[in-house]
Protein chains: 4
Amino acid sequence: MSKIKISDKVIGSFRDNWSFCVGTERMGIALQKEYQDTLEFVQKAINFKYIRGHGLFHDDTAIYREYEIDGEMKPFYNFTYIDKIFDSFLERGLKPFVELGFMPSQLASGEQTVFYWKGNVTPPKDYTKWKELIQALIKHFISRYGIEEVLQWPFEVWNEPNLTVFWKDADEAEYFKLYKVSAMAVKEINKDLQVGGPAICGGADYWIKDFLEFCKKENAPIDFVSRHLYSAHMPKVQTHEFCYQDLKEPVEMLNELQSVRQMIDSSPFPHLPFHITEYNTSYNPLNPVHDTCLNAAYLARIISEAGDIVDSFSYWTFSDVFEECDVPRAQFHGGFGLVALNNIPKPTFHMFSFFEQMGKEILHRDENMLVTRKTDGTVTITAWNPVMEKGEHFDKDFSLELNLPKGEYFINRTVVNELHGNPWKTWIHMGRPRFTSKKQVEILRNAALPLVISDRVSCTEDMLLLEFTESKNEVSFFEIIPVTDETDTYYKLDDSMIPGY
Amino acid sequence: MSKIKISDKVIGSFRDNWSFCVGTERMGIALQKEYQDTLEFVQKAINFKYIRGHGLFHDDTAIYREYEIDGEMKPFYNFTYIDKIFDSFLERGLKPFVELGFMPSQLASGEQTVFYWKGNVTPPKDYTKWKELIQALIKHFISRYGIEEVLQWPFEVWNEPNLTVFWKDADEAEYFKLYKVSAMAVKEINKDLQVGGPAICGGADYWIKDFLEFCKKENAPIDFVSRHLYSAHMPKVQTHEFCYQDLKEPVEMLNELQSVRQMIDSSPFPHLPFHITEYNTSYNPLNPVHDTCLNAAYLARIISEAGDIVDSFSYWTFSDVFEECDVPRAQFHGGFGLVALNNIPKPTFHMFSFFEQMGKEILHRDENMLVTRKTDGTVTITAWNPVMEKGEHFDKDFSLELNLPKGEYFINRTVVNELHGNPWKTWIHMGRPRFTSKKQVEILRNAALPLVISDRVSCTEDMLLLEFTESKNEVSFFEIIPVTDETDTYYKLDDSMIPGY
Amino acid sequence: MSKIKISDKVIGSFRDNWSFCVGTERMGIALQKEYQDTLEFVQKAINFKYIRGHGLFHDDTAIYREYEIDGEMKPFYNFTYIDKIFDSFLERGLKPFVELGFMPSQLASGEQTVFYWKGNVTPPKDYTKWKELIQALIKHFISRYGIEEVLQWPFEVWNEPNLTVFWKDADEAEYFKLYKVSAMAVKEINKDLQVGGPAICGGADYWIKDFLEFCKKENAPIDFVSRHLYSAHMPKVQTHEFCYQDLKEPVEMLNELQSVRQMIDSSPFPHLPFHITEYNTSYNPLNPVHDTCLNAAYLARIISEAGDIVDSFSYWTFSDVFEECDVPRAQFHGGFGLVALNNIPKPTFHMFSFFEQMGKEILHRDENMLVTRKTDGTVTITAWNPVMEKGEHFDKDFSLELNLPKGEYFINRTVVNELHGNPWKTWIHMGRPRFTSKKQVEILRNAALPLVISDRVSCTEDMLLLEFTESKNEVSFFEIIPVTDETDTYYKLDDSMIPGY
Amino acid sequence: MSKIKISDKVIGSFRDNWSFCVGTERMGIALQKEYQDTLEFVQKAINFKYIRGHGLFHDDTAIYREYEIDGEMKPFYNFTYIDKIFDSFLERGLKPFVELGFMPSQLASGEQTVFYWKGNVTPPKDYTKWKELIQALIKHFISRYGIEEVLQWPFEVWNEPNLTVFWKDADEAEYFKLYKVSAMAVKEINKDLQVGGPAICGGADYWIKDFLEFCKKENAPIDFVSRHLYSAHMPKVQTHEFCYQDLKEPVEMLNELQSVRQMIDSSPFPHLPFHITEYNTSYNPLNPVHDTCLNAAYLARIISEAGDIVDSFSYWTFSDVFEECDVPRAQFHGGFGLVALNNIPKPTFHMFSFFEQMGKEILHRDENMLVTRKTDGTVTITAWNPVMEKGEHFDKDFSLELNLPKGEYFINRTVVNELHGNPWKTWIHMGRPRFTSKKQVEILRNAALPLVISDRVSCTEDMLLLEFTESKNEVSFFEIIPVTDETDTYYKLDDSMIPGY
């Protein structure tokens with residue numbers, strides 16, 4: 001039993017850096033109806049501010065083409081699809097966090113591709129045409145959305161160039177060249193547009209050092225540093241169907257962020273914003289951990305604390321409408337999504353929605369909970385209990401003594417755990433149907449609803465005692481709301497006369 | 001512990017007479033947006049076929065007016081509102097079960113009224129004008145909706161004429177006169193239109209006998225008999241705020257129906273359909289019992305069995321958008337509605353939705369449960385445990401042995417009880433706010449969701465054992481669905497490699 | 001032919017005082033679905049900021065009741081309906097312009113009523129209870145919507161007290177008493193809440209003088225002056241079906257406003273805002289003029305100019321969902337609405353939507369047109385030709401020379417006249433069906449669409465010549481948009497090869 | 001002036017074969033939101049029964065994959081996307097007219113592809129796997145949608161195998177082999193499933209003869225014959241941007257159908273249904289004729305008459321959301337769609353919606369019009385005036401003498417011509433913007449509305465005279481509706497007292 005005394009003193013501010021941005025499958029897929037329905041659903045509950053994904057220049061957006069005009073191949077910029085896509089983001093309250101990549105095949109210097117959908121990862125065959133492409137695009141954005149809007153969109157150059165799968169030979173010098181050309185192309189349009197990189201994945205942080213020194217030395221424009229963060233080990237098994245991995249401890253994710261932040265602080269650009277433009281437990285879209293309660297309970301602490309270290313961290317990704325490893329082969333398949341196919345929310349979705357309802361004033365924070373107060377006096381608590389071991393008997397008991405004004409309080413608890421808000425478990429009970437019928441989808445949506453329990457407690461002597469248990473991999477959200485009691489206004493109220501009551 | 005063996009033999013057919021019709025506040029109120037939103041919500045879950053309410057001719061529908069035309073008062077029929085109202089019903093899949101009443105004030109012979117909204121309950125001052133009104137109305141319906149449609153609408157003459165509050169002096173002879181004029185007016189338009197009465201409340205069944213004899217003797221057209229059914233005793237307390245009453249045992253409601261059915265069987269019209277055009281526990285819209293789990297658990301047996309006795313029984317009413325005792329004074333106020341104000345479903349709503357999902361083939365039926373099979377092989381169970389006594393310790397344990405084909409079964413249980421799907425209890429925790437804020441409404445809607453639990457069991461030797469407990473006033477719905485197991489199709493599936501699983 | 005030269009010099013600012021507020025039937029009717037659908041439709045096209053109507057305290061909102069509590073009659077305030085109503089306004093971007101009236105029957109000193117719906121127009125039987133009612137209501141609003149919101153709501157005391165039909169005996173002294181009690185009740189809650197009056201109709205402007213002197217002398221709080229404005233003469237015919245009247249010239253409406261503004265300017269409160277809380281051609285909801293093109297063409301000049309004189313003027317009313325003279329007896333019946341029953345827009349609706357699309361910079365204004373420029377360079381023109389005489393041959397020809405930058409211009413003209421956007425005429429063709437079928441409504445909605453014609457013209461020598469004719473009672477809206485011509489970017493474009501082109 | 005006497009005698013039945021089916025871009029694109037929105041829009045106005053498109057087995061639906069399982073490549077059938085797609089059709093009232101093709105790349109014998117989206121057009125590498133694929137798919141459909149539903153879906157084998165671009169070497173024998181394997185695969189599942197071919201384009205009708213003889217000789221199952229129909233000549237110009245072509249006379253399209261029908265009649269299967277599974281003016285999706293009024297006026301006669309010859313003819317296609325020649329490069333680009341990008345209907349859309357409103361009883365039919373009567377007595381006329389010549393002065397005047405019962409008639413005329421309902425012309429006025437802004441889209445949607453004019457005429461002596469002019473490439477729709485005149489019911493109606501009227 002953890003006994004915790006919580007005073008009414010504010011010990012910090014809970015920043016919304018965690019909801020600054022969310023990840024998405026490539027731009028082209030954003031045209032899909034289910035994608036957009038899911039995004040609408042997510043935004044209602046979580047309200048992200050930005051969205052970032054790959055494939056802006058991939059062939060399927062059709063932005064870059066070359067046609068023979070009077071005997072010569074000339075670029076043609078087609079904005080038919082990207083207009084629809086960015087419109088759909090903005091209509092849902094999301095601004096694009098623009099990733100400049102991958103390479104249009106007609107502009108590519110090679111044929112190396114990544115993913116089922118074959119994103120070309122080679123440098124441009126012609127850097128001038130690359131520059132012209134970026135500038136044509138941004139000019140179009142400004143003409144369509146206005147400069148005030150576009151000035152709020154960060155432009156990030158490429159994705160994980162430190163990996164050979166994402167950038168030919170992981171060639172650092174070539175990336176720096178690409179970066180400088182791109183950054184200058186952006187700034188030529190308007191010097192207040194924001195540009196950054198190097199969007200590397202973890203395990204190669206010397207790139208960040210090199211990159212910032214390069215920017216300094218070469219006078220390359222730089223407005224922010226970006227990097228990714230995953231906590232999974234190398235796969236134990238990897239097939240077309242599944243990837244199984246172990247995870248580091250949550251705290252190691254926080255330590256990793258601290259270490260890079262310090263690297264930036266001691267660089268030639270010590271005050272640069274630092275964006276984690278992707279993070280999750282596993283980096284693999286076939287890892288069943290993403291469908292579990294553990295994923296929610298594990299990441300809760302990151303949501304709770306990482307915003308003190310980095311300017312944003314973008315959950316990869318909001319939806320299982322995702323094709324990097326081919327079209328999903330089953331209702332649940334280990335996809336990154338907060339929401340599974342057919343708009344079925346996963347436990348991590350609910351965990352995010354809990355944090356969305358937290359206050360700004362932190363009253364208490366530890367590795368298992370965050371306690372905040374909202375402007376209307378409501379105290380909100382998100383508590384979690386991640387357990388990576390097998391087996392049962394991992395319940396944790398908590399006893400909180402909250403320093404609150406005397407009075408009556410309404411307690412509303414919303415719970416996601418192995419039994420509730422866990423459609424993946426119900427789907428296993430069903431026999432893991434790959435292509436769910438309408439009836440099965442309906443059952444799973446009901447199974448995905450969290451458990452809700454209400455209660456009422458008295459707070460005497462300015463101390464409200466809240467005792468509760470978090471089961472293995474449970475995440476709970478408490479709202480503690482002062483009661484304005486109207487019971488006395490009901491004339492001759494007498495519940496004892498109600499049959500059965 | 002009740003042990004029950006359930007064979008796979010069909011012992012009867014579960015008729016949908018229970019969902020044939022639903023009651024509503026007066027016609028005029030059907031113009032309201034919240035009313036229509038609630039009706040939409042109800043129809044999605046329950047899918048009633050007809051809807052019946054008072055006030056068709058009440059002044060607020062404006063159907064009947066008299067104007068001075070060249071010095072003479074002449075009737076004017078205004079269908080502006082009734083068209084909107086009936087359109088809104090039909091768009092939601094509901095046909096009108098037309099109640100002919102109350103009296104337009106310009107056609108009334110007196111000033112006696114009923115309800116806050118002052119429905120005039122006196123006979124017509126001029127029976128010819130009454131007849132012309134009915135005929136003008138029906139002709140208009142036929143012109144707007146087509147004769148095929150209108151032939152499916154029952155026309156019921158007046159409401160509870162055996163009570164002095166609803167019919168001046170409860171004058172039987174005058175009612176019979178009204179009935180005959182009305183019925184003949186209807187039949188003059190088209191002899192296949194359906195007309196009936198006497199729409200009495202309980203406690204005066206000699207009216208039915210008299211009525212059928214009158215029809216025989218006077219050759220008055222008659223297509224169905226109608227009556228109401230409530231199980232509450234006289235009020236223990238009655239204020240503007242509350243009515244408290246005791247209830248008879250559920251079985252007495254069934255006995256009452258049997259007795260009237262026998263009365264009809266031995267009348268000159270032994271084969272007439274018999275419609276219960278209103279029923280509920282209490283007949284008072286300020287009785288908190290309507291908001292409770294007991295109301296659901298109590299009526300479940302009626303839903304389960306009454307359809308074998310009567311041709312329809314119409315729950316009074318679908319919504320708390322209701323004004324008979326003035327505009328509701330609080331979020332919960334003991335209203336009849338399946339759904340409370342602000343579209344918050346009550347336990348009885350869920351109980352109805354459970355029965356809507358039952359199959360046609362009855363495998364077992366007793367005073368605590370109904371077991372059916374659907375055409376796709378799914379076995380569905382609705383079980384209930386009404387307890388009118390005070391206090392706790394009324395749990396009932398059940399052990400069912402279901403004779404089912406060998407195999408795996410997915411079990412989905414949906415539960416409404418004191419803790420779940422019971423927004424009234426949560427509202428009490430909140431301090432009974434009369435005029436709920438948007439935040440409070442959101443909390444109550446979440447509190448109104450039933451608990452859902454899934455499981456999977458093996459059925460060996462053609463016997464599936466299902467053990468469960470029904471707590472006090474709980475209603476549970478079980479779906480037992482044969483599993484088509486696809487688990488083996490996943491290559492190298494190994495859940496043991498998922499962290500924490 | 002009017003020849004008009006229009007330079008590119010801005011000669012004034014077109015204020016949106018005309019769209020500050022719109023009128024509505026009584027509060028209680030705002031619960032209706034069609035009312036809310038129409039309001040949604042209106043707001044999409046016109047975007048009013050406030051809404052004002054009668055009947056806040058009328059019995060059907062149920063705000064004020066008295067109940068016997070322990071032998072004594074005590075007030076009970078019921079906010080169930082008003083919360084729904086104000087929520088529905090705010091959700092559509094409208095704030096309430098709160099009219100304090102009429103008298104709840106349990107608080108009334110007499111039985112005199114106005115309208116079909118019987119609004120009680122007598123003083124309170126007890127001014128203390130009246131004060132408590134106002135304060136209870138405002139406190140509730142503040143608790144529900146927040147003080148920042150409610151500070152933006154003007155509170156206006158009563159309606160047209162200078163008429164005996166609206167205020168018993170049109171008793172000026174009694175009104176001043178009511179005003180002072182009400183205003184002080186408001187200010188006691190928060191001194192920054194805005195309160196005003198006397199909400200008189202035209203023809204009794206000495207009330208305004210008296211009223212302001214009273215406020216000065218009695219130290220009654222006053223934040224704005226309000227009055228109404230109609231231009232119809234006394235009825236030539238008045239039945240339950242129709243009211244026929246002649247109209248003054250439009251300019252007389254403007255003169256009337258000037259005269260009252262000067263009266264205020266020379267009062268003890270010279271800088272008070274002046275709100276016209278109702279205006280229209282006729283003050284009668286059975287006058288067919290409201291359905292005509294004339295109504296649009298006539299009022300266009302008021303929209304164009306009155307905002308320079310008064311702080312707001314509120315069109316009475318947005319919808320024919322209106323019951324002052326009983327429930328409407330026909331699809332078209334001379335109602336005030338911008339929109340007819342069944343969501344069919346009238347010509348005046350389109351005229352309003354034209355002005356909503358005008359720019360802020362006035363380039364030219366006269367009695368037949370307003371020419372503005374928008375921030376994006378588009379020039380917009382609304383032109384009108386009201387003709388109150390009978391017969392034909394009233395076309396007006398215009399020749400505009402617009403001083404614009406050289407280049408190509410796209411011209412989009414939207415027209416409402418006797419032939420287009422005139423569903424009333426089509427309804428007459430149909431035989432004036434009172435209760436329109438769905439098919440008829442569909443035809444009328446199509447008939448209600450304005451005519452749209454596009455063209456393209458060259459502007460050489462900085463002069464664009466625009467010649468057009470306004471037929472009798474036509475209102476036209478022109479958008480003159482500089483063309484960014486992309487024609488040359490299409491490779492080998494040759495329209496001459498398209499068959500038939 | 002054409003003078004036409006039209007008696008009230010029914011001379012034939014207007015079949016709805018023309019609305020039996022509509023064409024669509026490939027299955028994979030049906031996941032797009034705009035595609036589905038447009039389909040919804042089309043179905044509301046036109047109500048097609050079936051939908052047919054290519055690409056069922058194309059890689060982007062992901063239906064067919066091979067994975068290495070324990071060292072061996074095994075097929076895997078993925079129905080994730082096709083379920084969403086067919087669900088979306090059925091939800092909009094459309095059944096699939098299933099085209100079996102093209103070849104999944106992992107099942108293909110070669111690498112030849114067609115279209116921007118690279119549909120593989122080579123025979124299967126393994127006919128057994130092809131058969132298994134078809135059977136797996138149909139079994140899945142039956143499991144998801146029920147056999148009753150799937151029995152109503154025609155299965156058509158491949159597309160235009162007589163063209164080398166669509167079938168390697170246009171190899172007839174290989175196609176017959178594919179056909180027989182496919183047809184038998186279908187019938188093995190259920191002999192009542194419908195299968196047909198050869199889906200050839202025009203100009204190679206000997207294939208049909210050969211095909212039917214093959215079926216006879218080889219005992220291959222055959223339930224219907226299918227073929228395509230386009231009336232364009234070879235391109236005069238063809239670039240990536242445009243294709244310009246001349247068109248044959250409309251009557252030649254009808255003659256072509258007659259000739260093939262006779263070929264079937266004299267084949268071994270004389271009573272087989274004959275479906276035109278694609279038709280349009282031009283077969284090229286970059287031909288501007290599709291955007292013009294001519295396209296509507298030209299095809300009107302085909303709609304009017306072809307249903308007497310063939311069992312269905314399927315307009316290719318409903319939407320410009322279409323990628324065969326790459327993602328559309330401009331708002332208007334000569335796409336096949338009834339509806340342009342951004343949901344802007346073209347003239348042909350309106351022409352289709354006119355025919356959707358025609359009656360079943362033909363009163364008159366010629367090369368310029370169809371006159372029908374509906375069950376409610378309304379006479380409807382669609383009239384057209386296609387002109388392929390350049391220039392003006394092609395108006396046609398018509399004078400119709402309609403034999404109708406004496407009385408008053410309401411005439412509603414809806415017109416599409418060069419000036420109205422022609423957004424393409426407005427877009428040209430705008431300077432042909434490729435990527436239209438929201439404001440431009442709004443203007444184009446308004447420009448796309450047809451002109452509507454209403455009138456009222458008297459029919460005396462059983463003869464109603466209707467005189468009208470059809471301008472060049474105009475299509476008009478007339479509704480002639482008997483008036484039930486209620487004018488006399490309005491007490492003291494006197495329009496002459498309305499100002500300006």
Side-chain angles (χ1 to χ4, degrees), chain C residues 236-237 239-242 244-247 288-289 292-294 298 330 386-390 408 410-412 414 419-420 425-426 428-434 443 446-447 449 451-456 472-473 479 481 483-487 489-501, chain D residues 236-237 239-242 244-247 288-289 292-294 298 330 386-390 408 410-412 414 419-420 425-426 428-434 443 446-447 449 451-456 472-473 479 481 483-487 489-501:
Chain C
K236 295 150 86 172
V237 165
T239 71
H240 67 277
E241 200 92 82
F242 294 112
Y244 296 113
Q245 299 168 296
D246 287 328
L247 304 178
V289 75
T292 65
C293 291
L294 169 63
Y298 179 103
V387 179
M388 290 192 279
E389 289 91 336
K390 303 278 155 208
E408 295 287 299
F410 171 71
I411 314 278
N412 206 45
T414 311
L419 290 177
H420 300 103
K425 194 64 131 318
T426 297
I428 291 174
H429 289 152
M430 280 178 170
R432 308 188 198 237
R434 287 181 180 273
I443 288 172
N446 285 327
L449 293 168
L451 177 69
V452 183
I453 308 157
S454 73
D455 202 354
R456 179 171 169 163
K472 180 176 172 180
N473 291 325
E479 295 170 278
I481 304 174
V483 167
T484 305
D485 202 326
E486 301 184 31
T487 306
T489 74
Y490 293 85
Y491 185 54
K492 298 209 175 167
L493 173 79
D494 182 358
D495 290 345
S496 76
M497 280 191 282
I498 304 171
Y501 191 67
Chain D
K236 296 151 87 172
V237 164
T239 70
H240 67 277
E241 200 92 80
F242 294 112
Y244 295 112
Q245 299 169 295
D246 287 329
L247 304 178
V289 76
T292 65
C293 289
L294 169 63
Y298 179 104
V387 179
M388 290 192 279
E389 289 92 336
K390 303 278 156 209
E408 295 287 298
F410 170 70
I411 314 278
N412 207 43
T414 312
L419 290 177
H420 300 103
K425 193 66 130 320
T426 297
I428 291 174
H429 289 152
M430 280 176 172
R432 307 187 198 239
R434 287 181 180 273
I443 289 172
N446 284 328
L449 294 168
L451 177 70
V452 183
I453 308 158
S454 73
D455 204 355
R456 179 170 170 164
K472 181 175 173 181
N473 292 325
E479 295 171 278
I481 304 175
V483 167
T484 305
D485 202 325
E486 302 184 32
T487 306
T489 73
Y490 293 84
Y491 185 54
K492 297 208 176 167
L493 173 79
D494 183 356
D495 290 346
S496 77
M497 280 191 281
I498 305 170
Y501 190 68

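Chain letters run A, B, ... following the sequence lines, proteins first and then strands; every chain starts at 1.
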Heavy-atom proximity to chain C below 4.5 Å, by part of D:Ile411 =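 Answer is neither: D:Ile411 stays 4.5 Å or more from chain C.
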
Give, as side chain, backbone, both or neither, the part of D:Asp455 having an atom under 4.5 angstrom from any heavy atom of chain C.
-> both

Can you tell me if [X] uses its side chain to pair, donor with acceptor, with the backbone of [Y] under 3.5 Å?
X: C:Lys390; Y: D:Tyr501; result: yes
X: C:Glu486; Y: D:Arg434; result: yes
X: C:Lys492; Y: D:Glu241; result: no

Select one option (side chain, backbone, both, neither) describing which atoms of [X] are under 4.5 Å from chain D's heavy atoms.
X: C:Asn473; value: side chain
X: C:Thr489; value: both
X: C:Ile498; value: both
X: C:Val387; value: backbone

Look up atom OG1 in C:Thr487 and atom CD1 in D:Ile428, then write down how far apart they are to the nearest 0.5 Å.
->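 So the OG1 of C:Thr487 and the CD1 of D:Ile428 are separated by 8.0 Å.
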
Rounded to the nearest 0.5 Å, what's the gap from CG on C:Asn446 to OG on D:Ser454? Could you check?
-> 11.0 Å

Results of salt bridge (Lys or Arg N to Asp or Glu O under 4.0 Å) for D:Glu408 - residues two or more places apart only = D:Arg456

List for me each residue that meets salt bridge (Lys or Arg N to Asp or Glu O under 4.0 Å) alongside C:Asp494, sequence neighbours excluded, and say none if there are none.
-> none

Among D:Pro288, D:Pro433, D:Ala447, which has the most heavy-atom pairs under 4.5 Å with chain C?
-> D:Pro433

Over 60° means perpendicular and under 30° means parallel, so classify the ring planes of C:Tyr491 and D:His240, tilted if in between.
-> parallel

Run the salt bridge (charged side-chain N to carboxylate O under 4.0 Å, His left out) check on D:Arg432 and C:Asp495 step by step: do they pass?
-> CA-CA 12 Å; D:Arg432 307 187 198 239; C:Asp495 290 345; 2.4 Å; yes

